[in-house]
Amino acid sequence: MAILSPLRSRSAAISVAAIAGTVAAGVCFAVSGASAGTVSGSLYRDPSSAVVRWVAANPGDSRAAVIRDKIASQPQARWFANFNPSTVQAEVSEHIGAANAAQQIPVLAVYEITNRDCGGASAGGAPDLNQYQTWVSNFARGLGNQTVLIILETDSLALLTCLNSSELAARNQAISTATRTIKSANPNAKVYLDAGHSTWNSAGETANRLRAAGVQYADGFFSNVSNYNSTSSEANFGRAVISSLNGMGLSGKRQVIDTSRNGGASGDWCGDDNTDRRIGQYPTTNTGDANIDAYLWVKPPGEADGCRYTAGSFQPDLAFSLANGAPNPPTTAPPTTTPPTTTPPVTTPPVTPPNSSPPTGDGCYADVAINQWAGGFTASVTVTAGKSDISGWTVTVVLPSGTAVTGTWNAQASGTSGTVQFRNVSYNGRVLGRQSTNFGFQGTGTGPGTTATCVTA
């Protein structure tokens, strides 16, 4: 997908990328909050993100270890910014399926509003608001029924200088309708609307704009996307916005904060030309603040703002500058919880663990983990190289009678039933010796066994 970077006022910028995240596997994404707002669980890291692909393709680069350990290891938002009404449902479904298979929470940034960025560097979006609603409806159909965090239309409420009164009313109605469409399709979706950031509009003005755009139907608001304001400043701003909303009778709203590059100095917004930036707090739903549902990396660290490099392009020197000198990510064991009540009834054990024996020869090996429910399943397949590096792989899976594959991610499938072959895609064919990559698929019926046949290209 095209990667864009909206330029707001002089104090802000936003990038758009096909990014997502995962931290630790095996964690339920239940909606309950002990140490945060209303969300708990592990966030999803996309194994096909731009930074992950760069690290895999450049193992000898002197910057690779720092970028790998401090950026590529972390969950980041997956942006949906192309006007593609005929394919967006499948794209969303594939991404959601991978996150669900990992039992983790995906973060999706929707950036499709008509006249986005007021015609600036990231101009585009749906041609008109009727077509926008068609796109949103198709997007929502792919969301499934598990918890997902939706960052809905960055800059759409903070940047309004190009809209007249009738256009503003139409935009507010469009965002309100989009929120309700998403919540109707997936009641477990958490939807957050645009609040700009703490050095843009006042808290009272921000609350007014949120109310006009239907925040009563949403779970809250997001702030600091692509910006550098400190987490404490954003939290104080969020509390003021919440207080204003409470005064309007709109209680229970919460905040998410983009911490992707707010760990260093602030100042001029454009990160392409600054070397005093740092990644901020690592993404988590464990915020310790009842007003804040999550700290997220909405702006993918290392992706350009458009001042020095092409907007949204991944630049390793920017990533290294952000990560070098930053603390290492926390290493905490994930909690264990029961599956959410929205999961279809389980008729067999929900997860069949893969084999764990290390490879002893050359070639490749495949292990399959199944998440089974009544009438369907998801399968997560780990492909491990033997003693030597491999440059491509094909995994053959034999499906039981009556089982059919309905979706695949991080691989290309040949066939949908019986004996199905899954081949690597361009970015995950090369696997170093004794290292692994993974792909997944979902289907109807009973999932396959825990082993599959793997051959190298």
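What's counted below: heavy atoms across the whole structure, side chains too, no hydrogens, waters or symmetry copies. What you see is a predicted model; the values in this text were computed from it and never measured.
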Working for side chain to side chain contact (heavy atoms under 4.5 Å, CB included), residues Asp258 and Ser223 = CA-CA 6 Å; Asp258 185 354; Ser223 71; over 6 Å; no
ask   = Hey, do the aromatic rings of Phe422 and Phe439 have their centres closer than 6.0 Å?
value = yes
Less than 4.0 angstrom from a charged side-chain N to a carboxylate O is my criterion; do [X] and [Y] meet it?
X      : Y      : answer
Arg239 : Asp289 : yes
Arg209 : Asp194 : no
Lys190 : Asp219 : yes

Considering non-hydrogen atoms only, spot the tightest contact between [X] and [Y] and give its length.
X      : Y      : value
Ala64  : Trp54  : CA-CZ3, 3.9 Å
Thr114 : Pro127 : CG2-O, 3.8 Å
Cys162 : Asn115 : SG-ND2, 3.6 Å
Asp317 : Arg63  : N-NH1, 3.5 Å

request  = Any chance you could lay out the side chain to side chain donor-acceptor pair (under 3.5 Å) test for Glu153 and Tyr132, step after step, and finish with the verdict?
outcome  = CA-CA 12 Å; Glu153 302 298 354; Tyr132 174 72; 2.8 Å; yes
Heavy atoms, side chains only, cut-off 4.5 Å: are [X] and [Y] in contact?
X      : Y      : answer
Thr199 : Tyr228 : no
Phe237 : Asn229 : no
Asn291 : Gln255 : no
Glu112 : Val136 : no
Gln74  : Pro329 : yes
Ser48  : His95  : no
Ile175 : Ser156 : yes
Ile105 : Val148 : no

inquiry  = Show, in sequence, the C-alpha distance, side-chain angles and deciding distance for Asp293 and Thr38, and conclude whether the side chain to side chain donor-acceptor pair (under 3.5 Å) test is met.
reply    = CA-CA 6 Å; Asp293 277 346; Thr38 62; 3.1 Å; yes
message = Does Arg180 qualify as a cation-pi partner of Tyr217, given the criterion of NZ or CZ under 6.0 Å from the six-membered ring centre and within 45 degrees of its axis?
response = yes
task = Evaluate the criterion side chain to side chain contact (heavy atoms under 4.5 Å, CB included) for residue pair Leu149 and Leu43; output intermediate values, then yes/no.
result = CA-CA 10 Å; Leu149 307 186; Leu43 299 168; 4.2 Å; yes
key: Candidate pair Ile71 and Gln76, rule side chain to side chain contact (heavy atoms under 4.5 Å, CB included), full reasoning   = CA-CA 9 Å; Ile71 295 179; Gln76 303 166 35; 3.6 Å; yes
Going by distance alone, is a donor N or O of one side chain under 3.5 Å from an acceptor N or O of the other, for [X] and [Y]?
X      : Y      : answer
Thr231 : Gln281 : no
Arg116 : Tyr111 : no
Ser233 : Ser230 : yes
Ser93  : Glu91  : no

message = Restricting to side-chain contact (heavy atoms from CB on, under 4.5 Å), what partner residues turn up for Asn328, sequence neighbours left out?
response = Lys70
To the nearest 0.5 angstrom, please state how far the [atom1] atom of [X] sits from the [atom2] atom of [Y].
X      : Y      : atom1 : atom2 : result
Ser62  : Ile67  : OG    : CD1   : 8.5 Å
Asn100 : Leu143 : CG    : CG    : 10.0 Å
Asn172 : Leu157 : CG    : CG    : 6.5 Å
Lys299 : Ile279 : NZ    : CD1   : 14.5 Å

task = Show the numbers, then the answer: is there a side chain to side chain donor-acceptor pair (under 3.5 Å) between Asn84 and Trp135?
result = CA-CA 7 Å; Asn84 52 348; Trp135 186 93; 2.8 Å; yes
message = For Pro300, is there any backbone N or O sitting under 3.5 Å from a side-chain donor or acceptor partner on Ser260?
response = no
message = Determine whether His197 and Asn224 satisfy the following criterion, side chain to side chain donor-acceptor pair (under 3.5 Å), listing intermediate values before the conclusion.
response = CA-CA 5 Å; His197 56 80; Asn224 209 44; 5.4 Å; no
Derivation and outcome, side chain to side chain contact (heavy atoms under 4.5 Å, CB included), residues Ile151 and Leu296 = CA-CA 10 Å; Ile151 305 300; Leu296 304 175; 4.0 Å; yes
